[in-house]
Undergrad: 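Got a structure for you, written out below as structure tokens; questions coming shortly.
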Amino acid sequence: MKRFIEGEDRTQITLLPECLDDYIAADNPIRAVEVFIDELDLGTLGFAGINPAATGRPSYHPAVLLKLYLYGYLNRIQSSRRLEREAQRNVELMWLTGRLSPDFKTIADFRRDNGPAIRNVCREFVLLCRRLNLFSQAIVAIDGSKFKAVNAHDRNFTQAKLDKRIQEVEHSIDRYLSAMETADRQASDVTEAKTTHLHKKIEHLKQQMQDLKAMQARLNETPSGQISLTDPDARAMATSTSRGLVGYNVQTAVDATHHLIVAHEVTNVGSDRRQLAKMAKKAQAVMSGQKLQAIADRGYFNGDDILACDEAGITAYVPKPMTSEARAQGRFDKSDFIYEQDTDTYRCPAGSQLIRRFSRMERSLLIHRYWSSDCPRCAIKAQCTPSDYRRVSRWEHEAVLETMQRRLDSTPGMMRIRRQTVEHPFGTIKFWMGARHFLMRTLEHVQTEMSLHVLAYNLMRAIKIVGMGPLMAAMRA
């Protein structure tokens, strides 16, 4: 073989480095993993097995298994069986764990039994980032993304799915009965075999129908209106695809400067509508002592949540959904009516004054109603309403929403900041996860798995931002 780079003979005797440490470069991220975990007080964080029993077989120290998992999530190896194999052949893991190689059951049990403690470790790294002044601007972007659960789409049932499936089974039974009648009129050896086959299919479909009826009875007793057979906490959620997915809705609050995940939470509620205040307050708890600004898309628009942010001292930026039926039909919508605070009235496009007529509770909100007596005689009434009077509703805390809208109008670039900030971490983590996303089942364990992903992501970001040396020095401080 000429003009190619040639490898060495496998039987050639070589002098390898004298110790494992010579294989690990000074800027290898696993050195940061080693220092970070060694500096943690694992007992205070809630890990079991810190104090070994006096009798029985010796156990692995929790630090060893935590290092193993953090290395795995940094390198897209989340499976306990794959981690077992890597610990036996991977030089970096030999260095990190002291050449220990736990079996897959020990590895899997550690992640299952230490969920709250692992989530505390994730929080500890976020607090380390705060000590490094990586959250100096106190601006976070909040968003949610759907992640697949360990539950096939066909093993999730809703009322609509059951109705459709029952209809399909009934149609198949009718079709097979019709085929049997046709076969009976054409008696022969072939048709006899065909009739036997159709009988079996019909019996199978009847059994399916009984199972579906039993599932329907279970579904009627379920408060959530859904049943998932593999992962009981997973839920069918709408996505940009027509079929959607069965999984979880992961919420994150991401720092706008360095794209670090400040706070996260896993929920099985498909909508983002009531998540703004909760996530903003979680981020505020980390960025304590700073005036927090929270940016979210229009899917988070909710009056109660925006009011809660305002009362907590959080400046929210959430655009209002464009759902006006009047605007869609070419008429004036509510934004064309100007509220005059001094007189507590609205001024309509024709110049008439809408006064407050009454107030009432609607969905636990106090709503005021306004209209003008001039509507029947208005020259542009056709552009305003098909009814006798144009009525305008106003929430008792509408001023908070109006103030937020003025902030958005004065800073139109906020939505671009949101998109550039919060989409990046989701894309990276999903790329690391691969096609299957979560490997564990139930909400509690999925939260643990997500915390490991967030910890690995934040660690890599911090290394890129600060550098290995300063980061390890801060861990030891």
Side-chain angles (χ1 to χ4, degrees), residues 70 72-78 118-119 122-123 125-126 129 134-135 139-151 233-241 243-276 278-280 282-283 286 293-301 317-319 414-440 443 445-465:
L70 185 49
Y73 278 77
L74 278 170
N75 292 276
R76 301 167 62 186
I77 309 170
Q78 296 99 37
I118 291 173
R119 295 195 286 274
C122 181
R123 178 176 173 79
F125 190 83
V126 174
C129 293
L134 297 181
F135 306 138
I139 302 176
V140 297
I142 297 172
D143 200 5
S145 185
K146 311 300 192 301
F147 285 69
K148 296 176 186 176
V150 187
N151 198 104
D233 291 339
R235 295 290 178 266
M237 298 181 181
T239 62
S240 56
T241 61
R243 196 180 190 194
L245 61 81
V246 180
Y248 294 91
N249 184 6
V250 178
Q251 298 288 318
T252 59
V254 182
D255 165 59
T257 304
H258 298 298
H259 297 187
L260 290 161
I261 299 176
V262 179
H264 73 280
E265 183 170 339
V266 181
T267 174
N268 57 5
V269 178
S271 171
D272 297 332
R273 188 71 65 192
R274 301 307 299 262
Q275 304 294 331
L276 175 67
K278 179 169 60 176
M279 294 306 301
K282 281 192 169 193
V286 174
Q293 299 180 61
I295 316 168
D297 61 25
R298 63 183 75 249
Y300 285 82
F301 190 91
Y317 294 85
V318 186
M414 279 297 185
M415 289 302 103
R416 185 175 66 253
I417 292 173
R418 184 209 68 81
R419 185 172 60 253
Q420 294 172 347
T421 298
V422 78
E423 302 294 346
H424 167 250
F426 278 135
T428 302
I429 290 175
K430 283 187 176 181
F431 178 71
W432 288 355
M433 284 180 161
R436 290 189 60 187
H437 294 180
F438 291 122
L439 302 180
M440 303 185 76
L443 181 60
H445 294 146
V446 166
Q447 287 174 338
T448 301
E449 193 173 357
M450 192 65 205
S451 292
L452 285 166
H453 280 293
V454 170
L455 176 57
Y457 170 83
N458 279 344
L459 177 59
M460 292 302 293
R461 287 294 303 160
I463 291 173
K464 293 288 186 182
I465 297 162

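Just the heavy atoms: all of them, side chains too, but no hydrogens, waters or symmetry mates, feed the values below. What you are looking at is a predicted structure, and each value in this text was computed from that prediction instead of being measured.
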Undergrad: How many angstroms lie between CG in L459 and CZ in F125, if you round to the nearest 0.5 Å?
TA: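 So the CG of L459 and the CZ of F125 are separated by 4.5 Å.
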Undergrad: Taking all atoms of both residues into account, what is the closest heavy-atom pair of P319 and D297, and its distance?
TA: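 Shortest heavy-atom contact: CD-C, 4.1 Å.
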Undergrad: Nearest 0.5 angstrom please: Y317 OH to I417 CD1, how far?
TA: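 Answer rounded to 0.5 Å: 9.0 Å.
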Undergrad: Of all heavy-atom pairs between M460 and W432, which one has the smallest distance, and what is that distance?
TA: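 Closest approach of M460 to W432: CG-CH2, 4.1 Å.
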Undergrad: Under 3.5 Å, which donor-acceptor pairs do the side chains of residues 247-256 form with other protein atoms, sequence neighbours left out?
TA:
{"unit_1": "Y248", "atom_1": "OH", "unit_2": "D231", "atom_2": "OD1", "d": "3.0"}
{"unit_1": "Y248", "atom_1": "OH", "unit_2": "D231", "atom_2": "OD2", "d": "2.7"}
{"unit_1": "N249", "atom_1": "OD1", "unit_2": "Q251", "atom_2": "NE2", "d": "3.2"}
{"unit_1": "N249", "atom_1": "ND2", "unit_2": "V269", "atom_2": "O", "d": "3.1"}
{"unit_1": "N249", "atom_1": "ND2", "unit_2": "D272", "atom_2": "OD1", "d": "3.0"}
{"unit_1": "Q251", "atom_1": "OE1", "unit_2": "Y300", "atom_2": "OH", "d": "2.5"}
{"unit_1": "Q251", "atom_1": "NE2", "unit_2": "D272", "atom_2": "OD1", "d": "2.7"}
{"unit_1": "D255", "atom_1": "OD2", "unit_2": "T257", "atom_2": "N", "d": "3.4"}
{"unit_1": "D255", "atom_1": "OD2", "unit_2": "H258", "atom_2": "N", "d": "2.7"}

Undergrad: Applying the side-chain contact (heavy atoms from CB on, under 4.5 Å) criterion to V140, which one of I261, V262, I295, T421 satisfies it?
TA: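 Running side-chain contact (heavy atoms from CB on, under 4.5 Å) over I261, V262, I295, T421 with V140 returns exactly one hit, V262.
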Undergrad: With rounding to the nearest 0.5 Å, note down the distance linking NE2 in H259 to CG in N458.
TA: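 That separation rounds to 12.5 Å.
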Undergrad: Quick check for you: to the nearest 0.5 Å, what is the distance between H453 atom NE2 and L74 atom CG?
TA: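 Answer for the NE2-CG pair, H453 versus L74, is 11.0 Å.
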Undergrad: For the pair E423 and S145, evaluate side chain to side chain contact (heavy atoms under 4.5 Å, CB included) and give the outcome as yes or no after the intermediate values.
TA: CA-CA 9 Å; E423 302 294 346; S145 185; over 6 Å; no
Undergrad: Under 3.5 Å, side chain of R273 to main-chain N/O of F301, donor-acceptor pair present?
TA: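 Yes.
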Undergrad: Does the pair V446 and F147 meet the rule for a side chain to side chain contact (heavy atoms under 4.5 Å, CB included), with working shown?
TA: CA-CA 10 Å; V446 166; F147 285 69; over 6 Å; no
Undergrad: Do you know which two heavy atoms are closest between N151 and A234, and how far apart they sit?
TA: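 So the two residues come closest at CB-CB, 4.4 Å.
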Undergrad: If you count heavy atoms of other groups shown closer than 6.0 angstrom to CZ of R436, is the number above 12?
TA: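 Counting neighbours around CZ of R436, 12 or fewer heavy atoms of other residues, nucleotides or ligands fall under 6.0 Å, so no.
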Undergrad: For V286 and V126, which heavy atoms make the closest approach, and how far apart are they?
TA: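 Scanning both residues, the minimum pair turns out to be CG1-CG1, 3.5 Å.
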Undergrad: Check the pair K146, R235 against side chain to side chain contact (heavy atoms under 4.5 Å, CB included), reporting the backbone distance first and the verdict last.
TA: CA-CA 10 Å; K146 311 300 192 301; R235 295 290 178 266; over 6 Å; no
Undergrad: I need the K148 NZ to L439 CG distance, nearest 0.5 Å.
TA: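 One finds 12.5 Å between NZ of K148 and CG of L439.
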Undergrad: So which heavy atom on I142 is nearest to which on A294, and how close?
TA: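 In terms of heavy atoms, the two residues are closest at CD1-CB, 4.0 Å.
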Undergrad: I would like to know whether F438 and Q78 meet side chain to side chain contact (heavy atoms under 4.5 Å, CB included); could you show each step before the answer?
TA: CA-CA 9 Å; F438 291 122; Q78 296 99 37; over 6 Å; no
Undergrad: Please give me the minimum heavy-atom distance between G244 and T239, naming the atom from each residue.
TA: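 The answer is CA-OG1, 3.3 Å.
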Undergrad: What distance do K278 atom NZ and T267 atom OG1 have between them, rounded to the nearest 0.5 Å?
TA: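 Output value for this atom pair is 5.5 Å.
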Undergrad: If you define the side chain from C-beta out and look only at heavy atoms, does anything of C122 sit under 4.5 Å from H264?
TA: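 Yes - at least one pair of side-chain heavy atoms lies under 4.5 Å apart.
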Undergrad: Please enumerate all residues that pass side-chain contact (heavy atoms from CB on, under 4.5 Å) together with H445, with sequence neighbours excluded.
TA: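 For H445, the residues satisfying side-chain contact (heavy atoms from CB on, under 4.5 Å) (neighbours in sequence not counted) are R112, M440, T442.
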